[in-house]
**Q** 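There's a structure below that I have some questions on.
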Amino acid sequence: MKFALEEDRGGTEGGRRKQLVAHRLGRDERRVDSRTIYVGHRPSPTEVFIPPKFCDNRIVSSKYTVWNFLPKNLFEQFRRIANFYFLIIFLVQVIVDTPTSPVTSGLPLFFVITVTAIKQGYEDWLRHKADNEVNEYPVTVLEDGRRVRTESEKIKVGDVVEVDEDETFPCDLILLQSTRDDDTCFVTTASLDGESNHKDLESLNATMECEQPQPDLYKFVGRMYIYKTDQEPAIRSLGPENLLLKGATLKNTLKICGVAVYTGMETKMALNYQGKSQKRSAVEKSINAFLLVYLGILVSKALLCTILKYVWQSKPGQDEPWYNQKTEREKETNLYLKMFTDFLSFMVLFNFIIPVSMYVTVEMQKFLGSFFITWDRDFFDPEIQEGALVNTSDLNEELGQVEYVFTDKTGTLTQNNMEFIECCIDGVRYKYRDAVGTELDGFCATDGPVSKLHEKADKEREELFLRALCLCHTVQVKEPTGQDQTDCPMDPPDGLGLDGGRLPPPQEQRGFIASSPDEVALVKGAMRYGFTFLGLESKKMKIMNRNNDIEMYDLLHVLNFDPVRRRMSVIVRSKSGDTLLFCKGADSSIFPRVRQEEVDKIRVHVERNATEGYRTLCVAYKKLSSEEYDRADKGLREARLALQDREEKLTAVLQEEAAETMEALQGAGIKVWVLTGDKMETAKSTCYACRLFQRGTELLELTVRTLEDGARKREERLHELLLEYHRKAVQEAPPVKPGAGRGWSKANQDYGFIIDGATLSMVFNSPDSNSSRYQNLFLQICQNCTTVLCCRMAPLQKAQIVKMVKTSKGSPITLSIGDGANDVSMILEAHVGIGIKGKEGRQAVRNSDYAIPKLKHLKKLLLGHGHLYYVRIAHLVQYFFYKNLCFILPQFLYQFFCGYSQQHICVELLLDNATLYREIAKNAMLRWVPFLYWTVLGVFHGLLFFFGVRYLFGNPALQDNGQVFGNWSYGTIVFTVLVFTVTLKLALDTRHWTWINHFVIWGSLAFYVFFSFFWGGIIWPFLKQQRLYFVFANMLSSLSAWLVIILLILLSLLPDILLVRDAGESGEGGARSWARPLLMRTFSIEANTVV
Amino acid sequence: MMASGYNAKEEDGHTSGGPSNGGAAGGTVKSRKPDNTAFKQQRLPAWQPILTAGTVLPAFFVIGLIFIPIGIGLFVTSNNIKEFEIDYTGVENTSACYSCAQNFSWNSTVPCTCSMHFTLEQPFESNVFMYYGLSNFYQNHRRYVKSRDDSQLNGDPTSLANPSKECEPYRTIDQVGPIAPCGAIANSLFNDTLELSYLANGSKTPVALVKKGIAWWTDKHVKFRNPGGNGNLTAAFQGTSKPVNWRVPVYELDPMDPENNGFINEDFIVWMRTAALPTFRKLYRIIQKKADQTPTLASGHYVLDITYNYPVRSFDGRKRVILSTISWMGGKNPFLGIAYITVGSVCFFLAVVLFIIHHKYDSRNSSADIPN
């Protein structure tokens, strides 16, 4: 369409018609690339009115409806492998004759499914509610001159909608009319692109054709035909500046009228809304891996049992002794079918090795665990009155495993506040002094006291500089409401030359709204020196100078800041008729355009300031002759500026405790990469300030500057440098063992690596043969550096880097943290995305998995919560596998003693068991011990339990009255030992005994005893078999049973006590105390040992 | 507590474009600051038991010191138990029961009897318990274990008339009626009769065998009930059929004693408590200690008269009779004593080793004190 439009500009009226017709036809063929909108649904005189069909203005973000909820949700749930597996087991239990009742696996499965369904249903209900709220938002529609109040969802394309101040636009509108004189309006798009940017938009009066909806927020192409009676329609082109986006808010304007162009799901906002892709935690992946191992064990066990069963049966008299005849049906069954069902039965018998309860527990643990993050007071930020936010609970444990942190600089490492610190005009330095007074550094002292600085610099120059600051920006003045202006007379601003010590208090009541905070800082800085920007009225900029005179400038051109040119310019005409061009931007873009003799002086300042961590901007101006202006006006080309320039320094205030946080992260062995759009010097100094780069850090730079050193081609130089750095950082460095990789030894030379966006794209996009090799080299260098700084990054490059690390060898866990819309891609790409609830809107927060108010909270989030969650979940999972192995192994062994008939030991207690441990594991705490250890332990315990009781039952007369115990007693003893051992094992592993632990552990043991008594104490009328009737009580009446239980419990816990004791021994010197709170202790351990 | 968590969660994420006027400068009235409770801040007072040498070493010593005496006690007790076992399967042709075993037939109406002679070297002083033992008999086979109907055994008349499906193929007999008691377990009731006599001076003195008190009290009095009480069992079991392999119907298991007949016959109850392992023993009779000072079973010659009804040859089984005294720990079982002694010794040994190691470790770094 854009193409078509451009063509059309030069084309004839006839051409336009043809195209229009073509578009019509195109629509019929469903190949639509433009739409025609009839403003107010009035047919245009030249065309036949075909009521166009567009979607209504309903927003639907919900997933289910009442009708499709059940089938859709069930389908989604059973797509999970685990659920499906349990469903299959359940079905097998129902169909095949199995030793365990279907209830034992059906009930937990049903529970899981129900809970998940309820959770998802609730979330969807919330979405429905939110949708309804938006859809029923009252709006005013103009219909044939009448104002009609209606609901938002009823807006049709072509409706003329009226929006009042502070209202949000209900759909994408083309601005027709505004109450402001200059037919502009101000909107804030904070809820869209994240930047609290105030953009002004122009309005038109017409009827239009525009392109089909597309998600790009800043792209819009359309045409408008203004039909007047008996005239050829006038054509106006429409651009993004005419489009009011749904979701933006009207500001500073009483009322506007607009025509709806895109509605409902076709608005740009809706098109930009995409469901977050599900992130899966690595622990879940490893659970799945464990699961596969156990599935293998399960299948082989079942297979082994089936084979042995038939081997055993093949002996005469074994299969069907006279006392144990088969039924007719069993005899008739096909042998192979029988084998298969036997196999299935064994599978089902042993299926508890893969615990369905574990899934419930893990889910629950994660869900409840995430509350601890929201509950944490340390995350509460009084400034924004908000604490941390958890968008997903699936990734809690991932926080404890992060190996790479990718952080944004602006707003993340540094606060998004800018302060004007000092300026340098013609090489003379000025420094703003607070009332408090500042220390002057050596450099400044040589320049003389601040108050006398004006003597050095030309006063005229100085004022010009301040005027430039006042004029060269796109700042909007937040207009005070009516009387405010009269009530608050402005303080007479003192010039910085008038009185040395005293400067006026900055006029905080005057609000400035700008697209970037540095602009505000500059305008405020100028204000402190006496030049106040009063606002823009009808293309005239008003400035109040030191003498309280108001100067007016005609704003001729604004060339907005863009990241490619990295500068912005304005062309203004003063009252006296001089045409001035002011240009402001990064030094690298200004220096080439100013007179070389000036540059060197300034460059010293710029670089010195940059290394101190300040953001620097340069301002240049040129007086344009009328011819020059005409030329510039025509082509809007860059004129080579030939005047002096200045630079100013802004400090980007470091976020609270940023340095400590970064240091702690590095101490924990996490590699911190800074990905920023800032220039290298600034970013580098921030890194120094954050102690990411230490004094001893050797910096390896791979930037455009280093590439341009030699006379050779960039590619060659790149190749050379890469190899050199690779040799330095990778080959010469002592090989780091993978395990020790996290604990960075201080003895080694630290390397810091710096790369900029341009070079990075060279690395990524170099000719095919080299590309992968360069990437490899690059990655290896980066991985051997403590800190990597990537500056001048485009958002996409940030994501590219994250992706590169994520997919590198060993697939490390990555975390991205950022606050702005430009970080969203990187947040979405990383394993864990963290948004900072900073100033740059909430888009990062919305797309993140966790949101925290400040960077400093990252430390506790990772090192505290993350560590705890990870340890908990790891322990939980392994404990579950261990428990189930313990449980299943005696059953397996029992098969050898009961003719492989799938007799199980005692199943009724299982349900009881599953619910018990769910609670227990919640606060468990143990360091990561390999899966194998637990498995071996489980096997050991299982063998011990089984054979211990087996030998005891060598003589089943265990009571002092000579009576004998049967198989149910056998099972009960094994199970009792198992429950006690497994619970006490947990108790042994519990390092922190809160009352909850006490309650749960002792409570569950007591519950087990009580339950067993209760279960065995009654003849249950609804049960067919009273297998366990009084078995438990009888067991307790046998002293031998007591003795064997005690013995086995102790014996199985012996290795643990020994191991723990050893650990205690080695850790004795470490910082362990009784009284310290949980988290603090974790920190100290983390700091000392670095797991 | 939960609610606040939920609120914080919902607060964002679903706002599809509400007025996001950041300048609501009045400040949110309601503070969303999380509650400062110990639970939510994960600051619950915690007791951190840390197992150190100081706590573990004494524990090991104590365990060792307790376990070894217990083990010795158990071992001695087990050794003091007198046990005598005699196999009467009749596999070898020298065995007295060889012919009975060889010529066994389900259809024979005349029971085969045989007598085993044996000598007790030592007198059995206290109560003697007489067990029968079976080998290679899979009472724990799944098909077997579940082949019973507990409600029928509990005297439920409907289950009596219509036994559970689990009893198949021992559920009903065509044209006769439901089997009582149904199922494979009941069907295979051990029905050898064992009688013990003392041989003194050529005369045979029968030893009095008590057949009560061999089953669990709760089984006898709660779990197993006759239908319609213990009165007229013949009438109560009217219309049912005896298990196929039984020689007498259930109501004639002990016609002399109505308290030991039908489902509450103790031999039957003992059999119904299925054994855990394929080699097992079950209590058969008790020989009470006499009031006078003579031993329960004096040393000397005895004869065991067996009515050989129970075939085991088909599955390579063995039958045996065990005479045993009983201690507080039950029957003879050296395993527990040995296990206790072993574990106790290991603990003690470990304690000593660790003590030495710890002592050395401590003396080397005297500065590293134990904080706990």
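No hydrogens, no waters, no symmetry mates; every other heavy atom, side chains included, goes into these values. Each chain gets a letter, A, B and so on, in the order its sequence line appears, and its residues count up from 1.
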**Q** What part of A/L1051 gets closer than 4.5 Å to chain B, counting heavy atoms only: side chain, backbone, both or neither?
**A**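 The side chain, not the backbone.
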**Q** Mind checking the CG-SG spacing from A/L1050 to B/C347? Nearest 0.5 Å is all I need.
**A**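 Those atoms lie 5.5 Å apart.
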**Q** For B/N127, which atoms come within 4.5 Å of any heavy atom of chain A: side chain, backbone, both, or neither?
**A**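 When you check distances to chain A, no heavy atom of B/N127 falls under 4.5 Å.
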**Q** Determine, step by step, whether A/L1047 and B/F67 satisfy the side chain to side chain contact (heavy atoms under 4.5 Å, CB included) criterion, reporting the C-alpha distance in whole Å, the side-chain angles of both residues, the deciding distance to 0.1 Å, and the verdict.
**A** CA-CA 9 Å; A/L1047 178 83; B/F67 269 39; 3.7 Å; yes
**Q** Can you check whether A/W312 reaches B/Y138 side chain to side chain, under 4.5 Å on heavy atoms?
**A**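 Side chain of A/W312 against side chain of B/Y138, heavy atoms only: contact under 4.5 Å found.
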**Q** Tell me, out of B/I322, B/L153, B/V343, who's got the most heavy-atom pairs with chain A below 4.5 Å.
**A**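 Most heavy-atom pairs within the cutoff with chain A belong to B/V343.
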**Q** Could you tell me which residues satisfy ring-ring contact (aromatic ring centres under 6.0 Å, His included) with B/Y132, sequence neighbours excluded, listed by chain and number?
**A**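 If we apply the ring-ring contact (aromatic ring centres under 6.0 Å, His included) test to B/Y132, skipping adjacent residues, the hits are B/F190, B/Y284.
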**Q** Which bit of B/Y170 is near chain A, if near means a heavy-atom gap under 4.5 Å: side chain, backbone, both or neither?
**A**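 Contact with chain A: side chain only.
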**Q** What residues form a side chain to side chain contact (heavy atoms under 4.5 Å, CB included) with B/T218, not counting sequence neighbours?
**A**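 A/Y1029, A/F1030, A/N1034, B/W216.
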**Q** What residue, out of B/K332, B/R313, B/K282, B/R171, has the most heavy-atom pairs lying under 4.5 Å from chain A?
**A**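 Max contact count across the listed options: B/K332.
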**Q** Quick check on B/L350 against chain A: is it the side chain, the backbone, both or neither that has a heavy atom closer than 4.5 Å?
**A**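 Side chain only.
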**Q** Could you state the interatomic distance from CE (B/M329) to OG (A/S1038), rounded to the nearest 0.5 Å?
**A**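 Here the rounded value is 9.0 Å.
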**Q** Please look at B/F335 and chain A and tell me whether the side chain, the backbone, both or neither of the residue comes under 4.5 angstrom of a heavy atom of that chain.
**A**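 When you check distances to chain A, only side chain atoms of B/F335 fall under 4.5 Å.
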**Q** Looking at A/L1043, is its backbone amide N or carbonyl O close enough to the side chain of B/Y340 to form a donor-acceptor pair, meaning the two atoms are under 3.5 Å apart?
**A**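 Side chain of B/Y340 to backbone of A/L1043: a pair is present.
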**Q** Check whether B/I70 gets within reach of chain A through its side chain, its backbone, both or neither, counting any heavy atom under 4.5 Å.
**A**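 The side chain, not the backbone.
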**Q** Applying side chain to side chain contact (heavy atoms under 4.5 Å, CB included), run through A/V964 and B/Y131 and close with a yes or a no.
**A** CA-CA 10 Å; A/V964 292; B/Y131 298 90; 3.8 Å; yes
**Q** Without swapping roles, check the side chain of B/Q139 against the backbone of A/G966 for a donor-acceptor pair under 3.5 Å.
**A**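 Such a contact is absent between B/Q139 side chain and A/G966 backbone.
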**Q** Quick one: does any side-chain atom of A/N955 pair with a main-chain N or O of B/N333 as donor and acceptor, under 3.5 Å?
**A**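 Between the backbone of B/N333 and the side chain of A/N955 there is no qualifying donor-acceptor contact (under 3.5 Å).
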**Q** Do any N or O atoms from the side chain of B/T274 and from the backbone of A/N967 form a donor-acceptor pair under 3.5 angstrom?
**A**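 No, because the side chain of B/T274 does not come within donor-acceptor range (under 3.5 Å) of the backbone of A/N967.
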**Q** Please classify the contact of B/L74 with chain A as side chain, backbone, both or neither, using a heavy-atom distance under 4.5 Å.
**A**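 Just its side chain gets close to chain A.
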**Q** What part of B/A215 lies closer than 4.5 angstrom to a heavy atom of chain A: side chain, backbone, both or neither?
**A**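 Looking at B/A215, just its backbone touches chain A.
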**Q** Under 4.5 Å heavy-atom distance to chain A, tell me which part of B/E83 shows up: side chain, backbone, both or neither.
**A**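 Contact with chain A: side chain only.
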**Q** Quick one: what part of B/A275 sits under 4.5 Å from any heavy atom of chain A, side chain, backbone, both or neither?
**A**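 Interface part for B/A275: backbone (N, CA, C, O).
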**Q** For B/L189, is it the side chain, the backbone, both, or neither that has a heavy atom closer than 4.5 Å to a heavy atom of chain A?
**A**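 The answer is neither part of B/L189.
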**Q** Could you tell me which of B/N136, B/I286, B/T325 has the largest number of non-hydrogen atom pairs under 4.5 Å with chain A?
**A**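 Highest number of heavy-atom pairs under 4.5 Å: B/N136.
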**Q** Under 4.5 Å, counting heavy-atom pairs only, tell me which of B/D316, B/D219, B/V222, B/T279 racks up the most with chain A.
**A**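 The candidate making the most pairs under 4.5 Å is B/V222.
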**Q** Looking at chain A, which one of B/V244, B/N245, B/N154 has the largest number of heavy-atom pairs inside 4.5 Å, strictly under?
**A**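 Going by pairs under 4.5 Å, I would pick B/N245.
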**Q** Where do B/I338 and A/Y951 land on the side chain to side chain contact (heavy atoms under 4.5 Å, CB included) test, with the steps shown first?
**A** CA-CA 11 Å; B/I338 293 168; A/Y951 284 115; over 6 Å; no
**Q** Where on B/I214 is there a heavy atom nearer than 4.5 Å to chain A: the side chain, the backbone, both, or neither?
**A**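 Only the backbone of B/I214 comes within 4.5 Å of chain A.
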**Q** Tell me, out of B/A184, B/A59, B/P311, B/G183, who's got the most heavy-atom pairs with chain A below 4.5 Å.
**A**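 The answer is B/P311.
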**Q** Run the side chain to side chain contact (heavy atoms under 4.5 Å, CB included) test on B/I326 and A/Q963 for me, step by step, so that the C-alpha distance in whole Å, both residues' side-chain angles and the decisive distance to 0.1 Å come before the verdict.
**A** CA-CA 10 Å; B/I326 284 291; A/Q963 292 169 359; over 6 Å; no
